[in-house]
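Contents: one structure, followed by commentary.
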Amino acid sequence: MSFLLVVDDNDDLRHVVAQVLRLAGHQIVEAPNGKSALLAVEAREPDLIVLDLWMPEMDGLAVCRALKSNPFRARIPILMLTAQSDLEHKVEGFEAGADDYLAKPFEPVELTVRVQSLLRLVQRESDRNPSSGLPGGRAIEAEIARRVGDSAQTPFAVIYFDLDHFKPYADAFGFAVADATIAATGPALHRALMGANVPNDFAGHIGGDDFIAITSIEAAQTVARVAGEEFYQAVETIIGKEAMARGVFAGYDREGREREFPLAGLASVILRVEPQKYQSLMHLGTRAAELKQQAKAQGAGSVVVDDL
């Protein structure tokens, strides 16, 4: 049985959607607006969210962006509902991070099929990321929960890694190189963790170009530094020493302007976690997202450290 969150400010429509999905065998929680939806996710992570686009105060796009910007919540699939069926609103929803789109009015059968399709996709990808071979979202969450709940209450470090300028890198060097770089990041993290020689270290792949390592507080900065060095060597092997020697590559930024980007940067955010003060995975992810922007602003390969 899957646990779904249905979000819509229209009570009648929300109840109809919830009932259709209950009859399909799912457990349902309802939220009447965007703010209560985020609180519901905080209380218990759903397997999927059915989210209305148009709501007062905080619309579906804002909710979607808030969840997808959090690296530990971005994996939750979102099916966006809207009364608008034109291309413009579909693009808005997808740009905000929605995984699928269904225009109202819709047939109950279509709603059920769309939900089942997204759930199957998540199930296939949840255990191990096929690109890197590293454990994925559920395993990451379980590992953090295990450490927080351990009777020893030992503080630990969560290191969030993000590949600097990965989109322009992928555009400039092509899909095969980008895919090889993602695949090489997992082994690079493993080598960094092995060098730290800390029992029960953990490396995971949140998705895309977002990775995570869990280690001791004492080893964290060394792991982050060595991971950056290992990543650099991996990229050099993939694109060649000559290209690497240039240190930069030409690409296009988000505004479509051509510029030079530094090569092979692995931004790192170190979150030092004390189990007694731990709040939630949502809070952890929000802080990681905030600090990632600081790391990127400091330049490629930067390391930012924070206490939670």
Side-chain angles (χ1 to χ4, degrees), residues 3-5 7 29 31 33-49 51 57-78 96-97 122 126 134-162 200-217 220-221 223-224 267-298 302-308:
F3 176 62
L4 312 184
L5 174 62
V7 188
V29 166
N33 54 61
K35 291 181 179 179
S36 63
L38 294 180
L39 290 174
V41 173
E42 178 78 13
R44 179 183 175 185
E45 181 179 312
D47 297 304
L48 180 143
I49 300 174
L51 179 64
E57 296 185 29
M58 188 178 196
D59 64 15
L61 296 177
V63 174
C64 196
R65 291 190 186 103
L67 291 170
K68 295 297 185 178
S69 67
N70 185 319
F72 299 108
R73 293 297 184 230
R75 66 176 179 268
I76 303 173
I78 295 177
V122 171
S126 63
L134 291 177
R138 299 293 182 191
I140 293 170
E141 182 173 356
E143 178 64 19
I144 292 174
R146 182 186 70 78
R147 290 175 183 253
V148 169
D150 186 84
S151 59
Q153 295 285 281
T154 304
F156 60 95
V158 174
I159 312 175
Y160 171 62
F161 296 99
D162 180 79
N200 301 317
D201 276 347
F202 177 93
H205 188 174
I206 297 170
D209 59 338
D210 297 323
F211 292 80
I212 193 171
I214 304 176
T215 185
S216 70
I217 289 177
Q221 293 196 50
V223 168
S268 305
V269 169
I270 300 174
L271 302 169
R272 298 190 292 206
V273 182
E274 293 188 29
Q276 300 93 331
K277 298 179 181 179
Y278 180 79
Q279 296 183 35
S280 67
L281 200 64
M282 173 73 87
H283 176 253
L284 191 70
T286 299
R287 190 61 181 147
E290 292 170 354
L291 293 174
K292 180 181 76 170
Q293 299 308 314
Q294 291 185 27
K296 287 183 174 295
Q298 292 179 15
S302 295
V303 179
V304 173
V305 183
D306 189 49
D307 290 301
L308 282 176

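One distance of note links CE of M58 with CG of N33; it measures 9.5 Å at 0.5 Å rounding. The distance from the CG atom of D162 to the OG atom of S268 is 9.5 Å, given to the nearest 0.5 Å. The CD1 atom of I212 sits 12.0 Å away from the OG1 atom of T215 when rounded to the nearest 0.5 Å. A distance of 7.0 Å separates CZ of R272 from CD of Q221, quoted to the nearest 0.5 Å. The structure places OH of Y278 at 7.0 Å from CZ of F156, a figure rounded to the nearest 0.5 Å. In this structure, the separation between CG on L284 and CG on L271 is 5.5 Å, given to the nearest 0.5 Å.
Shown here are the side chain to side chain contact (heavy atoms under 4.5 Å, CB included) partners of L39, two or more places apart in sequence or in another chain: there are none. In terms of the salt bridge (Lys or Arg N to Asp or Glu O under 4.0 Å) criterion, residue partners of D47 (sequence neighbours excluded) are, by chain and number, R138. Legend: residues meeting salt bridge (Lys or Arg N to Asp or Glu O under 4.0 Å) with E290, ordered by chain and number and at least two apart, are R287. Under the rule for a side chain to side chain contact (heavy atoms under 4.5 Å, CB included), the partners of A152 that lie at least two apart in sequence or sit in another chain are D150, T154. With sequence neighbours excluded, the residues satisfying salt bridge (Lys or Arg N to Asp or Glu O under 4.0 Å) with R146 are E143. For the side chain to side chain contact (heavy atoms under 4.5 Å, CB included) test, residues two or more places apart in sequence or in another chain that qualify with A267 are D164, A295.
Between G34 and V63, the shortest heavy-atom distance links the atoms CA-CG2, 3.4 Å. What you find for V148 and P275 is that their closest heavy atoms are O-CB, 3.6 Å. Considering all non-hydrogen atoms of both residues, A288 and V269 come closest at O-CG2, 4.2 Å. L38 and M282 get closest at one heavy-atom pair: O-CE, 4.4 Å. Nearest heavy atom pair, residue A31 against residue L5, reads CB-CD1, 4.0 Å. Across all their heavy atoms, I76 and K68 have their closest contact at O-NZ, 2.9 Å.
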For this session: Any chance you could lay out the side chain to side chain contact (heavy atoms under 4.5 Å, CB included) test for R147 and N200, step after step, and finish with the verdict?
Result: CA-CA 10 Å; R147 290 175 183 253; N200 301 317; 4.2 Å; yes

For this session: Decide side chain to side chain contact (heavy atoms under 4.5 Å, CB included) for L4 and V29; before the verdict, give the C-alpha distance in whole Å, the side-chain angles of both, and the deciding distance to 0.1 Å.
Result: CA-CA 6 Å; L4 312 184; V29 166; over 6 Å; no

For this session: Take R73 and L281 through the side chain to side chain contact (heavy atoms under 4.5 Å, CB included) test and state the conclusion after the steps.
Result: CA-CA 8 Å; R73 293 297 184 230; L281 200 64; 3.6 Å; yes

Exercise. Between Y160 and I206, does a side chain to side chain contact (heavy atoms under 4.5 Å, CB included) hold up when you go through it step by step?
Worked result: CA-CA 9 Å; Y160 171 62; I206 297 170; 3.8 Å; yes

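With a 4.5 Å cut-off on side-chain heavy atoms, V305 and L291 do not count as touching. Put simply, the side chain of F211 reaches to within 4.5 Å of the side chain of L134, judged on heavy atoms. At least one side-chain heavy atom of I159 sits under 4.5 Å from a side-chain heavy atom of V223. Between V304 and I270, the closest side-chain pair of non-hydrogen atoms is not below 4.5 Å. Using a 4.5 Å cut-off on side-chain heavy atoms (C-beta onward), D210 and F161 make no contact. In this structure the side chain of I78 reaches within 4.5 angstrom of the side chain of C64, judged on heavy atoms.
Both the sub-6.0 Å distance and the 45° axial angle are satisfied by R44 relative to the ring of F3.
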